[in-house]
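Quantities reported herein were computed from a predicted structural model and do not represent experimental measurements. Numbered from 1 within each chain, the chains take letters A, B, ... in sequence-line order.
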2 protein chains.
Amino acid sequence: MKLEILTRNEHKELHNNIIANIRDLINNKNLEPGDKLPSERMLSERFGVSRGNVRETIQKLEFYGILKSKPQSGTFVADIGPVAMNGMMNDILGLEDPDFKSLVETRILLELKTVRLAAQRRTNDDLKKMEAALESYKEKVLNNEDAVQEDLLFHLAIAQACRNSTINRMMLIITPEIINNFEKYHVCDKNQGPKRIREHQDIFEAIKEQNTQKAKEMMKIHFKELYKYCYNI
Amino acid sequence: MKLEILTRNEHKELHNNIIANIRDLINNKNLEPGDKLPSERMLSERFGVSRGNVRETIQKLEFYGILKSKPQSGTFVADIGPVAMNGMMNDILGLEDPDFKSLVETRILLELKTVRLAAQRRTNDDLKKMEAALESYKEKVLNNEDAVQEDLLFHLAIAQACRNSTINRMMLIITPEIINNFEKYHVCDKNQGPKRIREHQDIFEAIKEQNTQKAKEMMKIHFKELYKYCYNI
DNA sequence: TATTATAAATTGGTTAACCAGATTGGTTTG
DNA sequence: CAAACCAATCTGGTTAACCAATTTATAATA
């Protein structure tokens, strides 16, 4: 067999191709939830790809909760039913790469919630962590250094304090992409340093006081320019 | 070397162990954004694990945007800076498995947004897809069959219509887990069929009319019992 | 016949050898 | 001295052979 090195995009295409193949296979064979898929070897042969690629793709579908593989036993269709599975696989195949606008829109949505939940649920330990993150942010800004990372870490500390592991996970997923785009589009203007510190401080105080309304308002103010940047340009 | 088969949990432990090792390595060697990590072979030898495990872990960290690997070149620290990287890695290591409550709380948050955005942005094509999903849901319910999947697919159709790929992706991530827990806890009572159809219909109409306020209100009504279930029990 | 014991085949997981593109250091050449 | 060239080396990606747990088929036994 000819060996070929693929670029990142070709790699994604290959994955999508295998996903579509698995979807069709499940449909044609009328596999129900809990049924076993053909073995990885069979699949790789049938699809004309390497077993490693099949394994990677299965891992991806496991991440989305569509398949489950058991060691020394087989790979199984998850308990979500053929209809949902079909729909989800099609959605996954149609997923576009996230654009900056959708990232910011999502971040604002998530954080207006995390800040309220954090105000309700934060423990003293959470407060300490947030305060530490806030301090290192202030230090960087006052030294006139770039503080994008410390900025985001403060927000992640809030996400942790909201005591919702799912929202927390989603914040983690979008944070690196946010950072990359921030630096790409130069969203953060350094001149606003003291103002940003004030805003962070206000958010922290509101969470400390467990004032959910104020926490949300302060976060809104903090996001004001980001929001403008997202929708005006 | 002794060969050992690991359970799912031991596997996760192994991954977390490797993540922690990579984190420490980056810290000790003071690697900056864009710097190259030691090769996979080196890492596997240094950490005392197989190269395959190292590759899996790197893939995971790539998913979170912390590392980037280039074919025939190496694996590189992403452009998010050491501080953010450290914080994110620690967060990833501390991530708990999502509990039902956090899933429902997140779903409500996301969907109250998707429904408003869908009302604003839906195309005619989106409407057709939503209507199709709605029809197959009605058919199932009227035949007194289980319609959890069709239910969720209608909601995913709304998510698609909201034209925000990031929110859409997050809906996809939580949907299978929601379905599993629904069936696990028997949240859906079949008796409520006609009522649920009415609610879905109302949501669809509001989106069709591009009435964002009504769309949100209808979704809130639809989630009323789910909300109660999430917070009372 | 039903049940248990046993061996063969199948499975996902693991490992190590191999591939071709990328990098690097030294050499030649203008 | 600088730039172009080339071969040795290093890299992530790929492949195929191997491992042990599991499942299935078969045989022995009550």
Side-chain angles (χ1 to χ4, degrees), chain A residues 1-19 21-22 25-26 29 31 34-78, chain B residues 1-19 21-22 25-26 29 31 34-78:
Chain A
M1 186 183 294
K2 189 181 164 195
L3 195 149
E4 211 172 338
I5 303 287
L6 301 177
T7 67
R8 181 172 302 276
N9 273 341
E10 289 167 339
H11 206 87
K12 189 181 173 184
E13 275 306 310
L14 179 59
H15 272 196
N16 279 354
N17 196 359
I18 297 175
I19 290 178
N21 274 319
I22 292 179
L25 181 82
I26 294 180
K29 293 209 172 188
L31 295 184
D35 284 354
K36 190 163 80 170
L37 253 62
S39 70
E40 294 177 353
R41 288 169 240 275
M42 297 281 226
L43 294 177
S44 70
E45 193 178 351
R46 178 195 276 249
F47 301 156
V49 298
S50 77
R51 199 181 147 205
N53 290 134
V54 171
R55 278 176 64 76
E56 281 181 64
T57 306
I58 288 177
Q59 208 172 348
K60 193 171 177 179
L61 291 176
E62 270 192 274
F63 173 81
Y64 280 105
I66 291 179
L67 300 179
K68 295 277 176 196
S69 55
K70 289 184 187 175
Q72 280 72 44
S73 179
T75 304
F76 300 84
V77 181
Chain B
M1 186 183 294
K2 190 180 164 193
L3 195 149
E4 211 171 339
I5 303 287
L6 300 177
T7 66
R8 182 173 301 278
N9 271 341
E10 287 168 341
H11 206 88
K12 188 179 173 184
E13 275 305 311
L14 178 59
H15 273 196
N16 279 355
N17 194 1
I18 297 176
I19 291 178
N21 273 320
I22 292 179
L25 180 82
I26 294 179
K29 291 209 170 186
L31 294 184
D35 284 354
K36 191 163 77 171
L37 253 61
S39 70
E40 295 178 352
R41 290 168 239 276
M42 296 283 223
L43 294 178
S44 69
E45 193 178 353
R46 179 196 276 248
F47 302 156
V49 296
S50 78
R51 198 183 145 203
N53 291 134
V54 171
R55 279 176 64 75
E56 283 182 61
T57 306
I58 288 176
Q59 209 171 350
K60 193 170 176 178
L61 292 175
E62 268 192 275
F63 174 81
Y64 281 105
I66 291 178
L67 299 179
K68 296 274 176 198
S69 57
K70 289 184 187 176
Q72 282 76 45
S73 178
T75 304
F76 299 83
V77 181

Per-pair distances, 0.1 Å, donor-acceptor, side chain in residues 41-49 of chain B, under 3.5 Å, sequence neighbours excluded:
| from | atom 1 | to | atom 2 | distance (Å) |
| --- | --- | --- | --- | --- |
| B:S44 | OG | B:E40 | O | 3.4 |
| B:S44 | OG | B:R41 | O | 2.8 |

Indicate whether OP1 or OP2 belonging to D:dC10 is found under 4.0 Å from a side-chain N or O atom of B:S39.
-> no
Taking atom P of C:dT10 as reference, at what distance in whole Å does atom CZ of A:R41 sit?
-> 10 Å
Sorted by chain and residue number, the side chain to side chain contact (heavy atoms under 4.5 Å, CB included) partners of A:T75 (sequence neighbours excluded) come out as A:L37, A:I58, A:L67, A:S69
Shortest non-hydrogen contact between B:S73 and B:F76, atoms and distance = OG-CZ, 3.6 Å
A:R55 side-chain N/O to C:dG13 phosphate OP1/OP2 under 4.0 Å | yes
Could you state the atom-to-atom distance from CD of A:Q59 to C1' of C:dT14 in whole Å?
-> 14 Å
Output yes when at least one side-chain N/O atom of A:T75 is less than 4.0 Å from OP1 or OP2 of C:dT11, else no.
-> no
With sequence neighbours left out, what residues match B:D35 under side chain to side chain contact (heavy atoms under 4.5 Å, CB included)?
-> B:L31, B:E32
Student check: side-chain heavy atoms of A:N16 and A:I19 closer than 4.5 Å = yes
Starting from P on C:dG13, measure out to NZ on A:K68 and report it in whole angstrom.
-> 13 Å
A:S50 side-chain N/O to D:dT14 phosphate OP1/OP2 under 4.0 Å | no
Of all heavy-atom pairs between A:A78 and A:G65, which one has the smallest distance, and what is that distance?
-> CB-O, 3.2 Å
Using the 3.5 Å cut-off, write out each protein N or O paired with an N or O of nucleotides 22-25 of chain C and the distance between them.
| from | atom 1 | to | atom 2 | distance (Å) |
| --- | --- | --- | --- | --- |
| C:dA22 | O4' | B:Q72 | O | 3.1 |

Would you indicate which nucleotide in D:dA17, C:dT15, C:dT11 comes nearest to any side-chain atom of A:R51?
-> D:dA17
Can you tell me how far P of D:dT14 sits from CD of A:E56, to the nearest Å?
-> 7 Å
Rounded to whole Å, CD of B:E45 lies from C1' of D:dT11 at a distance of 16 Å
Rounded off to whole Å, could you give me the CG-to-P distance for the B:L14 and C:dG13 pair?
-> 13 Å
Contacts of A:Q59 meeting side chain to side chain contact (heavy atoms under 4.5 Å, CB included) (sequence neighbours excluded), chain-then-number -> B:E56, B:Q59
Round to the nearest Å and state the distance from B:I58 atom CD1 to D:dG12 atom P.
-> 7 Å
